Trainee: 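Dropping the structure in here first, questions after.
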Amino acid sequence: MFEIFGIPSTALFGQLLIGLINGSFYALLSLGLAVIFGMLNVINFAHCAQYMMGAFAAFLLLNLTGLGYWGALIVAPILVGIFGIIVERCLLQWLYKLDHLYGLLLTFGLVLIIEGVARNFYGSAGLPYTMPESLQGGQNLGFMFLPNYRAWVIVASLTVCLATWFVIERTRLGAYLRAATENPTLVRAFGINVPLMITLTYGFGVALAAFAGVMAAPIYNVSPQMGSSLIIVVFAVVVIGGMGSIMGAIVTGFGLGIVEGLTKVFFPEASNTVIFVIMAIVLLVRPAGLFGRRA
Amino acid sequence: MLDVRSPLLSVKNLQSWYGESHILHGVSFDVHQGEVVTLLGRNGAGKTTTLKSIMGIVGQRSGAVTFEGRELIGLASNQVARAGIALCPEERGIFASLTVEENLMLPPEVKKGGLSLDTIFELFPNLKERLGSSQGTKLSGGEQQMLAIARILRTGARMLLLDEPTEGLAPVIIQQIGKTIRTLKQQGFTILLVEQNFRFASTVADRYYVMENGRVAESFARADLDANLEKLHEYLGV
């Protein structure tokens, strides 16, 4: 064991790892929020509840149908994504022409309903979800111990984030999305079914949240309020990265996870507030966010 | 001028509204296959709204818009585009978050037989040079206008709605756009052009409709232009 700035290396790397794990979830969730905000102009407060639904779907799939972690990683996002599509068609689509506040209020109401239903049936104590066997154990890297599951979370999150970025910024489908974000009327007049694209985008963003929820299930408790404790930080991440910026959401997500982890090592008292301090500074210096375009 | 063929695009008693305001009060005109037809009129006469109403991007509309014998009035704008009509909007509509190439390739193919990229670059040599440019909106106004026209030629739509393509451009670029429109006509495109620039319109159009207060007030063919010049000046206030 050696020391860095008077801190034992295991503690430093341990917190760095926790920071990266948290960052993986921040990035996945803020990415979904950014995609949804860009296309729908809706601040999807229900994101945290949809993340929780992903974890619950994994739990229920395992206990009711026997479908394990890997199956749930695919099926749960699809199920929750379909739920998102129903929400968009029935409720959200009527709000696009109104102020952001209406979307925020509606999705906040959805959170209360979804969390209430989950609490009613499963209580708030939290349910256990076992790690898949293939990812149990870990590697001793010499300077620290790396649990396999945590390594998987980081790699999977990074892969999904970068794949999403690639599709949006580098493909033809992504060009439709970006163009429709700017001028939906004209894109539609070119022959593209923009309302369908909006619905699918919301479904995809919601599925991303559910995917994060499944990945979180073995690490955190599966509980009705597991998302609410995360959502405020995730919103701060989105504000810091810049509303609607894809790369901004990914980089700030991971970056702030790491900053939070390091703060826990060097100045533990500030670890819960450091993200909000950064948010305040960013808002003062660059109101559009680190990666945001000025409107 | 008597034309016995049935028109390619026929607009009858077209009315449209933006919210509470009633903009078009029964617009009727025809465009035949291979023609260049110009809508003239002052600001606010309803020219742009007419194009938008054909395309299906106004709040509410009634009347009849038939294209190739098919009624379009109930269709959403993406379905109108798929029928083979393409719009080049007044504000050009170049996307800032897309590269020049992405802007050019954006509109999907709606029919077979769109112009190839090579043909498009023959029409607009400058565009080929600017293809690598990072942002569509970094082009000059003239280049943006050419890009806005070029991208709808790829789609296979044979009916083009061009909304003031010369607005705010230098004379040399206006000439180039005029040349392009004549070339497109030779290639069999049908064009409905909205213009304030009467002098430009007179170099490309086969027929004119003059609009006033959301109605068609007058129509005449190219050959009758000189006879109607005085009346036209009165309508346009020039």
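Just so we're on the same page: letters track the sequence lines, and every chain starts at 1. Here the structure is a predicted model, which is why all the values come from computation and not from measurement.
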Trainee: Can you check whether anything in residues 173-190 of chain A gets within less than 4.5 Å of chain B, heavy-atom wise, and list it by number?
Mentor: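 Listed by number: A/A175, A/Y176, A/R178, A/A179, A/E182, A/N183, A/T185, A/L186, A/V187, A/R188, A/A189, A/F190.
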
Trainee: Report yes if the distance between the aromatic ring centroids of A/F235 and A/F45 is under 6.0 Å, otherwise no.
Mentor: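 Yes, they do, as the ring centres are separated by less than 6.0 Å.
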
Trainee: Are any non-hydrogen side-chain atoms of A/T164 and A/L31 less than 4.5 angstrom apart?
Mentor: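 Answer yes - side chains close enough.
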
Trainee: Do you know the tightest heavy-atom contact between B/R130 and B/K138?
Mentor: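 In terms of heavy atoms, the two residues are closest at NH2-O, 4.4 Å.
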
Trainee: Determine the option with the most heavy-atom pairs under 4.5 angstrom with chain A, choosing from B/S77, B/G56, B/A81.
Mentor: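 The option with the most such pairs is B/S77.
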
Trainee: Can you pull out the residues in residues 191-210 of chain A with any heavy atom less than 4.5 Å from chain B?
Mentor: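 Residues of residues 191-210 of chain A touching chain B at under 4.5 Å: A/G191, A/I192, A/N193.
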
Trainee: Does the B/R154 side chain pair with the main chain of B/P107, one donor and one acceptor, at a distance under 3.5 Å?
Mentor: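 Yes, the answer is positive, given that a donor and an acceptor are paired below the 3.5 Å cut-off.
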
Trainee: Go through the atoms of B/P108 and report whether side chain, backbone, both or neither lie under 4.5 Å from a heavy atom of chain A.
Mentor: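 Both backbone and side chain.
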
Trainee: So do the side chains of B/L123 and B/L153 get within less than 4.5 Å of each other, counting heavy atoms only?
Mentor: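 SC-SC contact between B/L123 and B/L153 confirmed.
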
Trainee: Once you round to the nearest 0.5 Å, how far does CD of B/Q144 lie from CG of B/L169?
Mentor: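 Rounded to the nearest 0.5 Å, the CD-CG separation comes out at 10.0 Å.
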
Trainee: Check whether any side-chain heavy atom of B/L160 sits under 4.5 Å from a side-chain heavy atom of B/L192, and report yes or no.
Mentor: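 No; the side chains remain at least 4.5 Å from each other.
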
Trainee: Can you give me the closest heavy-atom contact between B/G63 and B/I73, atom names plus distance?
Mentor: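 Residues B/G63 and B/I73, closest heavy atoms: O-CG1, 3.6 Å.
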
Trainee: With a 4.5 angstrom heavy-atom cut-off, which part of B/V110 approaches chain A: side chain, backbone, both or neither?
Mentor: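 Contact with chain A is through the side chain of B/V110 alone.
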
Trainee: With a 4.5 Å limit on heavy-atom distance, are the side chains of B/T190 and B/H32 in contact?
Mentor: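 Not in contact.
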
Trainee: Could you tell me if the side chain of B/E164 sits less than 4.5 Å from the side chain of B/Q196, heavy atoms only?
Mentor: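 Contact flag for B/Q196/B/E164 side chains = yes.
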
Trainee: I'd like to know which of B/R151, B/K52, B/Q79 tops the heavy-atom pair count under 4.5 Å against chain A.
Mentor: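 The residue among B/R151, B/K52, B/Q79 with the greatest pair count is B/R151.
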
Trainee: Where does B/L161 contact chain A at under 4.5 Å (heavy atoms): side chain, backbone, both or neither?
Mentor: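 Answer is neither: B/L161 stays 4.5 Å or more from chain A.
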
Trainee: State whether the side chain of B/N103 and the backbone N or O of B/F95 hold a donor-acceptor pair below 3.5 Å, judged by distance alone.
Mentor: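 Confirmed, B/N103 side chain pairs with B/F95 backbone.
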
Trainee: Within the distance-only criterion (no hydrogens, no angle test), does the side chain of B/R158 pair as donor or acceptor with the backbone N or O of B/K111 below 3.5 angstrom?
Mentor: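 It does not hold such a pair.
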
